[in-house]
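Only one structure is covered here, and it is reproduced in the block below.
Convention: sequence-line order gives letters A, B, ...; per-chain numbering from 1. Excluded from the calculations below are hydrogen atoms, water molecules and symmetry mates; all remaining heavy atoms, backbone and side chain alike, are included.
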Amino acid sequence: MALYKEQSLKLYNSMTGEKEIFKPINEGHIGMYVCGPTVYSNVHLGNCRTFISFDLIFRYFKHLGYKIRYVRNITDAGHLENDADSGEDRIAKKARLEQIEPMEVVQRYTVDFHNTLQKFNNLPPSIEPTATGHIVEQIETIKIILDKGFAYEVNGSVYFDVLKFNKNHDYGKLSGRSLEDMIANTRELAAQSDKRNPQDFALWKKAEPQHIMRWPSPWSDGFPGWHLECTVMSTKYLGEQFDIHGGGMDLKFPHHECEIAQGEASTGRNPVNYWLHANMLTLNGQKMAKSTGNNILPNEIFSGENDNLSKGFEPSVARFFMLQANYRSILDFSNTALLASEKGFNRLMDAYRYSSQLPVSATSSFSVSEWKQRCYDAMNDDFNSPILIATLFEAVKFIVGVKEGNEQITTEDKELLHNTMHDFIFDVLGLLDTTITNQDNSEKLSGTVELLIKLRAKARNNKDFATSDQIRDQLLALGIQLKDGKEGTVFTLEN
RNA sequence: GGCAUCGUGGCCGAGUGGCUAGGCAGAGCUCUGCAAAAGCUCGUACAGCGGUUCGAAUCCGCUCGAUGCCUCCA
């Protein structure tokens with residue numbers, strides 16, 4: 001029996017502002033769409049957090065036995081930098097600055113995006129469609145919206161008529177805004193365009209002569225509006241109505257609001273059942289953003305080459321750090337927080353590794369099955385990874401207790417404990433065991449260090465502490481730390 | 001200015017009407033030739049002011065503060 005039949009999952013629906021019991025349209029199947037990146041520069045850590053959040057969600061659904069189709073787009077058609085007609089396309093601008101083709105920009109940063117997410121151990125989505133690969137479908141959708149009377153053409157551009165749409169629909173229901181308030185608070189901008197009113201948004205834009213990325217359409221040589229691709233591609237691959245739509249918090253308005261409008265205008269149906277929004281990663285209390293330069297690149301985390309960092313960190317440590325906060329909370333990035341996570345991460349991994357070799361007893365002093373369900377309870381409560389991690393640390397404490405002889409575990413429970421930890425640490429949280437220990441190192445290195453450990457033990461037996469301390473201190477200077485325990489000495493390597 | 005979210009112990013960060021979050025740091029102890037490591041024990045916090053309640057960090061109101069969105073943004 002599939003696990004999802006035994007577990008009741010609740011998720012926080014941004015549309016209603018409440019945690020709701022999750023019920024997919026088709027039992028056992030899930031369609032999930034997540035807004036992907038605009039590939040005109042390297043992904044920064046804030047972008048990664050969103051995709052790690054949805055990777056956690058994707059992984060948990062898979063773990064529960066759902067058959068899930070996860071669609072995440074690549075925005076490779078440039079969005080305009082501002083709303084005025086003279087605005088420049090971001091990708092075209094980057095191409096101009098780097099003196100290359102726009103699609104070279106797209107290719108370069110798409111590859112970077114994939115490489116980076118792979119380092120964080122994100123699973124690839126089921127389908128990763130591109131905006132430029134769906135120009136035809138976007139034109140078709142514009143035609144439908146025009147036919148239904150929710151859009152108008154002006155000078156080769158097509159705009160969505162928000163005022164008209166709002167007469168029979170609720171524009172603003174996702175972000176909690178009312179159109180009246182928006183109109184009341186509109187600051188009149190000098191360079192207003194062909195729009196009938198400022199809340200309208202482009203479905204198709206006529207390209208200025210210098211605009212490189214352009215396609216023919218019934219209205220003009222131009223390019224699709226920024227919100228349309230997600231509507232079109234989610235509909236194409238998941239249907240007119242699907243289960244989950246996710247994305248960064250900053251996309252809630254206007255992007256997702258516009259998607260709802262486009263979907264309802266073209267199909268008459270509310271496209272999405274559950275809206276999930278991942279919150280921002282901040283740096284120095286401010287949102288990380290490409291445009292402001294307030295950001296950290298993943299490679300800087302790995303190498304430590306950034307003024308905010310004292311050292312480099314493994315991708316899994318950064319991932320663990322992010323998963324210690326709920327995906328809906330703002331998380332502030334800092335070196336000290338990352339250092340704390342690294343220690344906790346290592347302790348968790350040490351305990352996991354040891355869990356397979358625990359000494360067994362006739363009884364258990366800890367209810368492993370009850371603990372296992374609490375792991376599920378945590379994830380069932382809107383993917384509460386911090387609670388899951390806290391629960392895993394209960395097991396860590398217990399494992400240490402068994403090791404020290406203060407707790408007991410049966411053979412059966414030991415297997416259940418080890419397997420459950422494996423499932424949650426690796427399959428659900430998506431962490432990688434990158435901790436460097438003597439088990440992972442080359443035989444030559446570990447053989448050498450073992451030899452030094454023996455020599456040191458011999459020196460200590462002879463009370464030759466000068467020699468023993470020399471071995472210990474010089475190894476430490478090389479980044480090899482000796483740890484004396486009851487059962488002898490082990491070592492760890494600094495990474 | 002409008003809309004929204006949030007304000008938790010030294011730091012990060014859960015929870016949410018009565019019951020220990022967790023991690024890191026710190027303190028004491030054990031172990032140790034010394035140290036490190038490891039283990040054990042320890043914190044009574046919820047912005048401020050009112051209100052509801054037998055009882056509120058948790059609900060309501062106000063004040064203050066922070067952040068996000070309102071223009072592209074994960």
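- Within 4.0 Å (heavy atoms only), A:Arg460 reaches at least one base atom of the nucleic acid.
- Contact annotation for A:Gly285: backbone-only contact, meaning every heavy-atom pair under 4.0 Å involves sugar-phosphate atoms and none involves a base.
- A:Ser334 comes within 4.0 angstrom of no nucleic acid atom, judged by non-hydrogen atoms across all strands.
- Between A:Arg108 and A:Glu98, at least one side-chain N (NZ, or NE/NH1/NH2) sits under 4.0 Å from a carboxylate O, which counts as a salt bridge.
- One donor-acceptor pair, N or O on each side, does fall under 3.5 Å between the base of B:rC34 and the side chain of A:Arg472.
- Atom C1' of nucleotide B:rA38 and atom CD1 of A:Ile399 are separated by 16 Å, given to the nearest angstrom.
- If you take CG of A:Asp181 and C1' of B:rG2, they are 7 Å apart, rounded to a whole angstrom.
- Remark: B:rC49 base-pairs with B:rG61; criterion is Watson-Crick or G-U wobble with both hydrogen-bond distances under 3.5 Å.
- Taking for each of A:Lys252 and A:Gly247 the nucleotide of RNA chain B with the nearest heavy atom, the 5'-most of the two is the partner of A:Lys252.
- Judged by Watson-Crick or G-U wobble contacts below 3.5 Å, the nucleotide B:rG39 has B:rC29 as its partner.
- Between A:Arg177 and B:rA4, a side-chain N or O to OP1/OP2 separation shorter than 4.0 Å is absent.
- Side-chain proximity of A:Ile387 to B:rG33, B:rA14, B:rG2: nearest is B:rA14.
- The partner of B:rC24, taking Watson-Crick or G-U wobble pairs whose two distances both stay under 3.5 Å, is B:rG10.
- Expressed to the nearest 0.5 Å, how far CG of A:Asn335 lies from CG of A:Asn306 amounts to 9.5 Å.
- Taking the P atoms as reference points, B:rC42 lies 39 Å from B:rU5, given to the whole Å.
- By the criterion of a centre-to-centre distance under 5.5 Å and near-parallel planes under 30°, the ring of A:Phe393 forms no stack with the base of B:rG23.
- In the set B:rG33, B:rA14, B:rA74, B:rA74 carries the atom at the smallest distance from any side-chain atom of A:Leu251.
- Of the inter-residue distances, the one linking A:Met32 atom CE with A:Ile57 atom CD1 reads 6.5 Å to the nearest 0.5 angstrom.
- Distance CZ (A:Phe345) to P (B:rG13): 19 Å, rounded to an integer number of Å.
- The 5' end of RNA chain B is approached more closely, in terms of each residue's nearest nucleotide, by A:Lys287 than by the other of A:His227 and A:Lys287.
- With A:Ser175 contributing its side chain and A:Phe253 its backbone, the two residues share no donor-acceptor pair below 3.5 Å.
- Among the protein residues, A:Gln481 comes within range of the sugar-phosphate backbone only, with heavy atoms under 4.0 Å from sugar or phosphate atoms but none that close to a base.
- Partners of A:Glu180 under the side-chain hydrogen bond (donor to acceptor under 3.5 Å, both in side chains) rule, at least two apart in sequence or in another chain, do not exist in this structure.
- Backbone-only engagement by A:Ser329 is indicated by non-hydrogen atom pairs under 4.0 Å involving sugar-phosphate atoms exclusively.
- The distance between atom CD of A:Glu128 and atom C1' of B:rA74, rounded to the nearest whole Å, is 14 Å.
- For A:Glu404, taking side-chain heavy atoms from C-beta onward, the closest of the listed nucleotides B:rA37, B:rA74, B:rA38 is B:rA38.
- No N or O donor and acceptor, one from the side chain of A:Asp473 and one from the base of B:rA35, sit under 3.5 Å apart.
- As judged by a 4.0 angstrom heavy-atom cut-off over every strand, A:Gly46 is placed among the base-contacting residues.
- In summary, the side chains of A:Asp464 and A:Asn462 do not present any donor paired with an acceptor at a separation below 3.5 Å, with no hydrogens or angles considered.
- Candidate nucleotides B:rG39, B:rC70, B:rG23 were compared by shortest atom distance to the side chain of A:Gln324, and B:rG23 ranks first.
- In the interface, the side chain of A:Asp469 is paired with the base of B:rG33 through a donor and an acceptor atom under 3.5 Å apart.
- When the side-chain nitrogen and oxygen atoms of A:Asn384 are compared with OP1 and OP2 of B:rG15, one or more of them lie within a distance under 4.0 Å.
- Atoms CG (A:Leu323) and C1' (B:rG23) sit 14 Å apart, rounded to a whole Å.
- For the C1' atoms, the distance from B:rA25 to B:rU16 is 27 Å, rounded to whole Å.
- In this structure, of B:rG33, B:rA74, B:rA14, it is B:rA74 that holds the atom nearest to the side chain of A:Met288.
- Comparing atom distances between the A:Ala325 side chain and each of B:rA37, B:rG13, B:rG33 picks out B:rG13 as nearest.
- Counting any heavy atom pair closer than 4.0 Å across all strands shown, A:Val34 reaches no nucleic acid atom.
- In this model, the phosphate group of B:rA25 is approached by a side-chain N or O of A:Lys343 to a distance below 4.0 Å at OP1 or OP2.
- Side-chain proximity of A:Leu331 to B:rG23, B:rG13, B:rA74: nearest is B:rG13.
- Here A:Phe253 lies in heavy-atom contact (under 4.0 Å) with sugar-phosphate atoms only.
- For the OP1/OP2 pair of B:rU67 and a distance below 4.0 Å, the side-chain nitrogens and oxygens of A:Gln286 include at least one atom meeting the criterion.
- Salt-bridge formation is not detected for the pair A:Glu257/A:Arg177: no Lys NZ or Arg NE/NH1/NH2 atom is positioned less than 4.0 Å from an Asp or Glu carboxylate oxygen.
- At B:rC24, none of the side-chain N or O atoms of A:Ser341 fall inside 4.0 Å of OP1 or OP2 (strictly under the cut-off).
- Picking from B:rC12, B:rU41, B:rG22 the nucleotide with the shortest atom distance to the side chain of A:Ala390 gives B:rG22.
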Margin query: Test ring-ring contact (aromatic ring centres under 6.0 Å, His included) on A:Phe424 and A:Tyr352; report intermediate values, then the result.
Written below: CA-CA 11 Å; A:Phe424 280 101; A:Tyr352 163 72; over 10 Å; no
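- Looking at the side chain of A:Lys483, the nearest of the listed nucleotides B:rU16, B:rC69, B:rA37 is B:rA37.
- If you check every strand for non-hydrogen atoms under 4.0 Å, A:Arg328 touches nothing.
- Rounded to a whole Å, the CG atom of A:Leu297 is 14 Å from the P atom of B:rA74.
- Between B:rG55 and B:rG18, the two P atoms lie 14 Å apart (nearest whole Å).
- Between the side chain of A:Asp76 and the backbone N or O of A:Val106 there is no donor-acceptor pair closer than 3.5 Å.
- Applying the 6.0 Å contact sphere to NZ of A:Lys10 captures no more than 12 heavy atoms from other residues, nucleotides or ligands.
- The CE atom of A:Met280 sits 10 Å away from the P atom of B:rG68 (whole-angstrom rounding).
- The side chain of A:Phe321 lies closest to B:rC12 when the candidates are B:rC11, B:rC12, B:rA74.
- Base pairing annotation: B:rG1 forms a Watson-Crick or G-U wobble pair with B:rC70, both donor-acceptor distances under 3.5 Å.
- Of the residues in residues 36-45 of chain A, A:Gly36, A:Pro37, A:Thr38, A:His44 come within less than 4.0 Å of RNA chain B through at least one heavy atom, sorted by number.
- One interatomic measurement links the two molecules: CG of A:Asn346 to P of B:rG22, which rounds to 20 Å at whole-angstrom precision.
- The cationic atom of A:Lys403 (NZ for Lys, CZ for Arg) lies less than 6.0 Å from the six-membered ring centre of A:Tyr354 and within 45° of the ring axis.
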Margin query: Could you go through A:Leu348 and A:Leu392, starting from their C-alpha distance and side-chain angles, then the distance that decides it, and tell me whether this counts as side-chain contact (heavy atoms from CB on, under 4.5 Å)?
Written below: CA-CA 8 Å; A:Leu348 177 65; A:Leu392 290 174; 4.0 Å; yes
